[in-house]
Each structure stands twice: as C-alpha cells, then as structure tokens.
Amino acid sequence: MTASERSAQRRAGDHALVEFEGVEKYFGDVHVLKDVDLEVDRQEVAVVIGPSGSGKSTLLRCVNRLEEIQGGEVRLDGESVSAPDADINRLRQRVGMVFQSFNLFPHMTALENITIGPREVRGVPADEARERAQQLIREVGLDGQADSHPTELSGGQQQRVAIARALAMDPDVMLFDEVTSALDPELVGEVLDVMRDLADGGMTMLVVTHEMGFAREVGDSITLMADGRVVENTPADSFFDQPSTERGREFLSRLL
Amino acid sequence: MSDAYEGTTEDTTAGTRGLADDTVVRRIGELATGLFAMAVLGFLGWILVTQVDYGLLVSVFDRFVEAFGLVLFIVIVSSVLSVSLGTLMGLARISASPLTSRIAKGYVEFFRGTPLLFQLFVIFLGIPRAWPYGAFPVEDWRVPAAVLGLTLNHIAYVAEATRGGVNAVGDGQLEAARSLGMSRVQAMRKVVLPQAWRNALPAIGNDQIILVKDTSLLTVIAVPELLSVFRNINSNQFDPWTPLVWVCLFYLAMTVSLSLIVSLLERRADWEIDDDQGAWLGRLLGSFSSLGGRR
C-alpha cells in the first residue's frame with residue numbers, strides 16, 4: 001500500500017483503531033524498536049509476546065505516548081499520537097492503561113482512585129462518577145471494597161481496581177502491560193478472569209503478557225517480538241498450532 | 001524483648017549465642033544511658049539548688065514574657081511565609097523549565113550556602129544604606145528585617161525538603177495520572193503533591209524547629225529577643241543561671257509545641273492511619289489540610 005492509498009483509506013474511516021507505522025525508538029544509543037508495523041482492529045484482542053528486553057512494553061507505552069518515538073508514526077483511530085502537536089491529554093482519555101506495578105494512588109480509596117479521572121479530566125459530577133465507579137467495582141468483583149485504601153487490598157484486588165480506574169474513562173482501547181507479572185501465582189486467575197470478561201464484552205485490547213494459556217484462549221492475534229522487531233504477527237490459533245517462523249517455533253519450544 | 005526472640009531462634013548454638021550477645025549489648029546500653037541521665041539530672045539539680053536566685057527569677061519573668069511575645073510573632077510570620085513560599089520554590093526547583101529550575105537552584109545555593117548572620121547584616125544594615133530614594137522609609141527596620149532574613153533563609157531549606165518529597169514519589173504515579181488524561185498540573189496537584197507533602201513533612205518540621213532557634217541570632221540586629229534579655233540581666237546582676245532558666249523554658253515551649261503540631265500533621269497526612277486525631281488542627285490550618293490527603 002502506498003502512502004497516498006493509506007491516507008485515502010484513512011479519510012474514508014477504513015482504518016484500524018491502533019496503528020504503528022515504521023516506528024523507531026531509541027533509549028540513548030540502544031535501538032529498542034526497529035521499523036515496527038502493527039495494527040489493532042476494533043474489538044480485537046492483540047497479544048504481544050516475546051523474550052524480556054524485546055521491546056514489548058515499550059511498544060505498548062507508545063500508544064499513549066508514555067514513550068516518545070524517534071521515527072515513524074503511531075495513530076489512534078486515524079489520528080497521530082506521536083505528532084509533536086498531538087493533543088495528548090485528549091487522546092489519552094481514549095486509551096486505558098494498566099501497569100505491571102498497579103500504580104494505584106495510595107492516598108485515595110479504591111472508589112476515589114476510580115472517580116478521580118472522570119471528575120478531574122471530564123468534570124463529571126461527583127454523584128455520577130461515584131455511581132459509575134460502584135458499578136465498575138461490582139464488575140471487577142470487588143463489592144464492599146470501595147472504601148479500602150490500596151495498602152489494605154491484595155495484589156490481585158489492587159490490579160482489578162486499576163482496571164476499573166482505566167475503564168472509568170470509557171476508553172476505546174485498553175493497554176495491559178504485564179499486569180499479572182507482579183502477582184502471587186494464586187492471584188493471577190482473578191485478574192485474567194476480569195480481562196476475559198472485558199474481551200468477551202468487545203473491548204479492544206493490546207496485551208503484553210507471559211500468560212500463554214490466556215494468549216491462546218482469549219487472543220485474536222499474536223505478535224511475537226524479538227530484539228525490537230515484530231518477527232511474527234498471525235492469528236492466535238495458527239501461531240500456537242504452527243508458528244510460521246523459526247523464532248516463533250524456538251520461543252514456543254522453550255515454553256513447553 | 002527476649003519473649004519475641006524465643007519463638008524465632010531455634011535450638012542451634014549459633015542462635016543461643018546471638019541471643020546472649022543481644023542481651024549483653026542491651027544491658028550495656030541501659031547502663032550507659034542510665035549513668036548519663038543521672039549525671040545530667042544531678043548537674044541540673046545542683047544548679048537549681050545552688051545557682052538560681054528565685055526572687056530574681058520571679059521578678060524578671062515579665063521581661064521574658066515581653067520578649068517571648070515578640071519572638072513568637074516573628075516565628076509565626078516567618079514560619080507561614082517560609083513554608084508556603086518554600087514549597088513554591090521547591091516546585092520551581094523541579095520545574096520542567098530549565099530556566100525556572102536553575103533560578104531556583106541558584107536561590108537555594110545562595111541562601112543555604114551563606115550564614116544566616118551574614119544575611120541578617122545584609123538586610124538590616126545593607127538595604128537601608130543602599131536605598132536609592134533618599135531616607136529609608138521604615139522607621140524601625142529591626143523586626144521587618146528579622147522576618148525577611150528568617151523567611152528568605154528558610155525558604156531555601158523548605159524548598160529542598162519539598163524537592164526531596166516530590167522525588168520520593170515514584171514515576172509510576174505520574175504516569176498513571178497522565179494516562180488518565182490529566183495535565184501535568186492536574187497530576188501534580190491531585191496525585192503527586194499530596195504524597196510529596198507526607199514525605200516532606202518531617203524535614204520541613206525539622207527546619208521550622210531550627211527557625212525557632214535561629215531567632216536567637218536576632219540579638220545582633222538589636223531585636224529584643226530572649227537571649228538579649230538574658231544578656232541585659234546577666235550584665236547587671238552578674239547572674240547567668242537565673243535568666244538562663246527562662247531562656248531554656250521559653251525556647252522549649254516553642255519547639256516542643258511545634259514538634260507536637262508537626263507530628264499531628266504527619267499523622268493526618270498519613271493515609272495508612274485511619275483516625276481523626278489532628279483533624280481539628282487540619283481545619284485550623286485550612287490550606288494545609290487540603291494537602292493532607294484524606295478528603
């Protein structure tokens with residue numbers, strides 16, 4: 001596809017929700033993303049896997065510009081996120097982010113963590129924000145924990161509050177950055193269950209994870225990264241049954 | 001203490017040996033501190049019995065109260081100004097603008113890097129002398145100069161405490177707030193600063209206690225503070241100990257109350273402690289309480 005074809009397509013509204021095009025990223029002299037192309041369609045669950053240090057998390061963090069890129073473009077719904085003049089505070093409202101280390105606000109209750117975004121950024125009235133937060137708290141299975149502070153919650157509960165916090169902004173896409181890696185093994189399931197419900201509800205998700213069972217079951221597409229490059233990008237079923245690249249076969253064989 | 005150890009140290013000889021060592025160290029510590037306390041209390045008792053003239057003590061009380069009133073006024077004004085402006089200076093210090101942060105760093109380096117005594121002389125003697133519009137308009141410049149000197153000096157220390165408090169808040173907090181679409185200012189105000197405030201409070205409190213004691217330097221710019229009253233009395237009566245009793249008690253009255261205020265504020269700013277102790281103080285200090293975390 002040529003550039004003019006692509007921009008014509010974009011004007012027609014026929015574009016993926018999240019698009020990476022020739023993305024280059026450096027940390028100082030280290031080249032961490034090399035000519036990355038990737039598309040995430042609406043309602044798709046795109047799972048990014050790969051060895052540590054392969055650039056998965058960095059890739060994810062480019063979507064809401066927690067990382068600046070040095071080349072190429074990242075677009076959300078056809079609009080550039082990476083352009084110098086991008087209205088990033090507005091674009092970030094459409095992107096929910098969940099972190100490996102939760103990053104809940106420790107001085108607020110679970111409920112306040114969830115209402116702060118809508119109230120502060122959108123000016124939603126307190127009652128309305130609280131009502132929506134209560135509903136989200138029920139959806140992530142934390143009835144009765146609304147007034148707990150993060151330190152009073154288990155890791156799994158904290159991560160579910162963090163998911164609810166991101167959902168409170170009614171995002172178009174959710175980013176999950178190794179959200180179960182910091183959890184005790186017995187708490188991983190409750191977080192994955194919430195993510196599975198979200199996927200079933202049609203949420204567009206970009207998920208960096210080491211949970212291969214989840215990737216296979218919930219993922220629509222698998223992107224394998226290695227050394228800052230996308231080495232394989234295929235439907236989930238075919239990846240796990242028959243990886244098309246040597247790197248893919250190698251990666252899978254090491255997991256088994 | 002030994003109870004707490006019994007459950008954890010198993011029956012190994014190494015464990016028993018460690019327990020014995022701990023007990024010995026603890027006993028040595030108790031002996032040393034006990035002897036020290038006895039020596040100090042003995043000395044104080046001896047002074048109070050043999051050196052203090054109680055008739056004089058009562059008769060000079062009013063003069064100390066007068067000086068105390070002035071010192072308290074200077075402390076309160078300088079404290080409010082240095083904490084509020086120092087917090088702003090600390091924010092300037094961590095500003096994303098290199099210009100702002102360099103200016104703030106220059107300020108801190110100067111006022112932290114030169115003696116308060118020097119700064120007081122510059123303000124008290126230097127400014128009226130350099131006044132370009134004829135006679136210096138302030139008739140009694142002593143107290144304004146004192147407040148100005150203490151404030152400018154302690155802004156530097158409060159700024160450093162604030163900077164440390166903000167830096168101790170993890171990057172993840174700012175990232176999480178920005179990810180929700182908050183502007184940098186919103187994220188600082190709602191997420192970073194309430195946590196930074198808790199982190200910085202002990203250091204700010206420490207500095208404000210030093211501010212109280214720094215008022216003793218004001219004697220050099222002729223402010224009639226507590227130590228200048230002491231010097232007058234001593235030079236007339238040749239009795240150092242009697243007036244020193246009042247100096248000690250009035251300074252401790254200020255520093256101990258300040259300690260108490262700071263620990264109440266710390267308790268209130270600590271979201272992990274769920275009680276209302278210190279809430280009255282937060283209400284009293286209106287603007288501070290909004291930084292106190294709980295809503």
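Worth saying up front: this structure is predicted, and the values here are computed from it rather than measured. In what follows, chains are A, B, ... by sequence order, proteins preceding strands, each numbered from 1.
Looking at Leu104(A), only its backbone comes within 4.5 Å of chain B, counting heavy atoms on both sides. In this structure, chain B has heavy atoms under 4.5 Å from both the backbone and the side chain of Pro106(A). Only the side chain of Thr151(A) comes within less than 4.5 Å of a heavy atom of chain B; its backbone N, CA, C and O stay farther away.
Counted within 6.0 Å of CZ on Phe73(B), heavy atoms from surrounding residues, nucleotides or ligands total 12 or fewer; the atom is thus considered open. Sparse packing is recorded around CG of Asp171(B), with 12 or fewer heavy atoms of other residues, nucleotides or ligands lying under 6.0 Å away. Other residues, nucleotides and ligands contribute more than 12 heavy atoms inside 6.0 Å of the CZ atom of Arg90(A). Around atom CD of Gln135(A), more than 12 heavy atoms belonging to other residues, nucleotides or ligands sit under 6.0 Å away.
Scanning all heavy atoms of the two residues, the minimum distance from Ala176(B) to Phe105(A) falls at CB-CE2, 3.9 Å. In terms of heavy atoms, Met108(A) sits closest to Val191(B) at CE-CG2, 4.4 Å.
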Review point. Glu175(B) and Met97(A): side-chain contact (heavy atoms from CB on, under 4.5 Å), yes or no, with the steps?
Key: CA-CA 10 Å; Glu175(B) 286 188 352; Met97(A) 176 101 186; over 6 Å; no
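For residues 59-67 of chain A, heavy-atom neighbours of chain B at less than 4.5 Å comprise Arg61(A), Asn64(A), Leu66(A), sorted by residue number. Inspection of non-hydrogen atoms places Arg178(B), Ser179(B), Leu180(B), Gly181(B), Met182(B), Ser183(B), Gln186(B) of residues 178-187 of chain B under 4.5 Å from chain A.
Proximity of a side-chain donor or acceptor of His107(A) to a complementary backbone N or O of Lys190(B) within less than 3.5 Å is detected.
Partners of Asp170(A) by salt bridge (Lys or Arg N to Asp or Glu O under 4.0 Å), not counting sequence neighbours, listed by chain and number: Arg132(A).
Applying the salt bridge (charged side-chain N to carboxylate O under 4.0 Å, His left out) definition to pairs two or more places apart or across chains, those involving residues 73-101 of chain B are Arg93(B)-Glu160(B).
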